[in-house]
Amino acid sequence: MRLFLFFNTIASVFAFMPNAQFHRSALVSTTAVRAVTTSDVPAEGGRSLVEGPNGTIIVTKSGGSFYAVDATCPHLNLPMKKGKIEAGADGVPIITCNFHNSCFRMDSGKCTKWVTGALGVENGLISGIMGNVGSKQSDVKSYSVTENGDGTLTIS
């Protein structure tokens with residue numbers, strides 16, 4: 001019992017340290033994500049930022065459909081709020097991390113390009129060093145977006 005309380009206390013302390021070098025997902029429970037409603041609806045080709053239960057979410061409208069993903073790149077937990085969003089070959093928007101150029105599909109969160117080089121440039125020496133920094137290749141969380149008919153969106 002003491003061991004359980006010890007680890008529970010440590011996990012609680014780390015949960016309140018936003019600059020700690022670990023992945024938040026390791027401490028987040030696996031309960032369902034609470035829905036977020038916003039009236040900040042992006043125009044076609046635009047974006048809006050919504051505060052979700054686990055951080056900022058980017059919402060965009062592309063081809064008449066809405067898409068939403070976490071706004072944090074899993075490589076170094078840096079923000080992708082200003083990352084370039086462009087339609088992929090199949091029309092689904094792709095967001096590019098503005099720090100190192102990794103790319104993620106906004107319909108599924110799937111990583112389509114993982115860059116380990118400095119400032120998004122692959123280089124054998126630098127990639128070898130940077131490959132040991134941050135996390136390994138992973139996807140970002142994607143969300144379902146529903147138009148409510150009253151000028152708001154629900155992200156869940």
Side-chain angles (χ1 to χ4, degrees), residues 7-121 130 133-156:
F7 285 113
N8 195 26
T9 302
I10 296 297
S12 296
V13 169
F14 280 108
F16 294 102
M17 295 174 59
N19 295 324
Q21 296 298 315
F22 60 87
H23 297 287
R24 277 193 239 165
S25 61
L27 298 176
V28 175
S29 72
T30 57
T31 57
V33 174
R34 143 188 97 176
V36 177
T37 301
T38 182
S39 58
D40 186 10
V41 179
E44 183 70 29
R47 79 178 70 206
S48 64
L49 301 173
V50 178
E51 282 307 310
N54 295 317
T56 306
I57 298 170
I58 298 175
V59 181
T60 191
K61 185 174 184 181
S62 178
S65 297
F66 290 97
Y67 301 89
V69 295
D70 278 341
T72 302
C73 180
H75 182 220
L76 295 172
N77 291 322
L78 294 172
M80 294 193 293
K81 298 174 189 177
K82 296 181 180 181
K84 181 172 48 173
I85 299 174
E86 295 180 313
D90 59 0
V92 172
I94 305 284
I95 185 165
T96 302
C97 175
N98 47 307
F99 289 97
H100 73 285
N101 291 333
S102 287
C103 301
F104 305 89
R105 289 179 59 97
M106 291 192 71
D107 63 340
S108 64
K110 181 160 180 54
C111 179
T112 60
K113 177 183 172 189
W114 188 257
V115 179
T116 57
L119 303 173
V121 178
M130 292 301 290
V133 177
S135 70
K136 300 294 180 196
Q137 180 174 339
S138 61
D139 301 333
V140 294
K141 169 97 175 100
S142 63
Y143 299 89
S144 172
V145 182
T146 305
E147 285 186 88
N148 297 322
D150 62 356
T152 65
L153 300 174
T154 298
I155 300 131
S156 58

**Asked** Nearest heavy-atom pair of Ala35 and Ser156: which atoms, and what distance?
**Response** CB-CB, 4.0 Å
**Asked** Taking all atoms of both residues into account, what is the closest heavy-atom pair of Met80 and Asn98, and its distance?
**Response** CA-OD1, 3.6 Å
**Prompt:** How long is the span from the CD atom in Glu86 to the CD1 atom in Ile94, to the nearest 0.5 Å?
**Reply:** 9.5 Å
**Prompt:** Can you name the closest pair of heavy atoms from Val36 and Gly52 and give their distance?
**Reply:** CG2-CA, 4.0 Å
**Request:** Please report the closest heavy-atom contact between Ile155 and Val59, naming both atoms and the distance.
**Result:** CD1-CG2, 3.8 Å
**CE on Met106 to OG1 on Thr60, rounded to 0.5 Å** = 5.5 Å
**Item:** Any donor-acceptor pair under 3.5 Å from Ser48 side chain to Asp40 backbone
**Value:** yes
**Request:** For the residue pair Phe104 and Trp114, categorise the inter-ring angle as parallel (less than 30°), tilted (30 to 60°) or perpendicular (more than 60°).
**Result:** perpendicular
**Candidates Ser138, Cys97, Cys111 - the one meeting side chain to side chain contact (heavy atoms under 4.5 Å, CB included) with Cys73** = Cys97
**Complete:** Sequence neighbours excluded, the answer for salt bridge (Lys or Arg N to Asp or Glu O under 4.0 Å) partners of Lys82 is none
**Counterpart residues, salt bridge (Lys or Arg N to Asp or Glu O under 4.0 Å), relative to Glu51 (two or more places apart)** = none
**Request:** Identify the heavy atoms of Ala68 and Ile57 that sit nearest to each other, and give their distance.
**Result:** CB-CG2, 3.8 Å
**Item:** Under 3.5 Å: donor-acceptor pair, side chain of Glu44, backbone of Gly64
**Value:** yes
**Request:** Indicate the atoms forming the closest heavy-atom contact of Gly151 with Val41, along with that distance.
**Result:** O-CG2, 3.3 Å
**Complete:** The salt bridge (Lys or Arg N to Asp or Glu O under 4.0 Å) partners of Asp90 (sequence neighbours excluded) come to Arg105
**Asked** Per the side chain to side chain contact (heavy atoms under 4.5 Å, CB included) rule, which among Ile95, Thr72, Asp70 passes with Ile58?
**Response** Ile95
**Prompt:** For Val115, does its backbone N or O pair with a side-chain atom of Ser102 as donor and acceptor, under 3.5 Å?
**Reply:** yes
**Asked** Could you state the interatomic distance from CG (Leu153) to CG (Asn148), rounded to the nearest 0.5 Å?
**Response** 7.0 Å
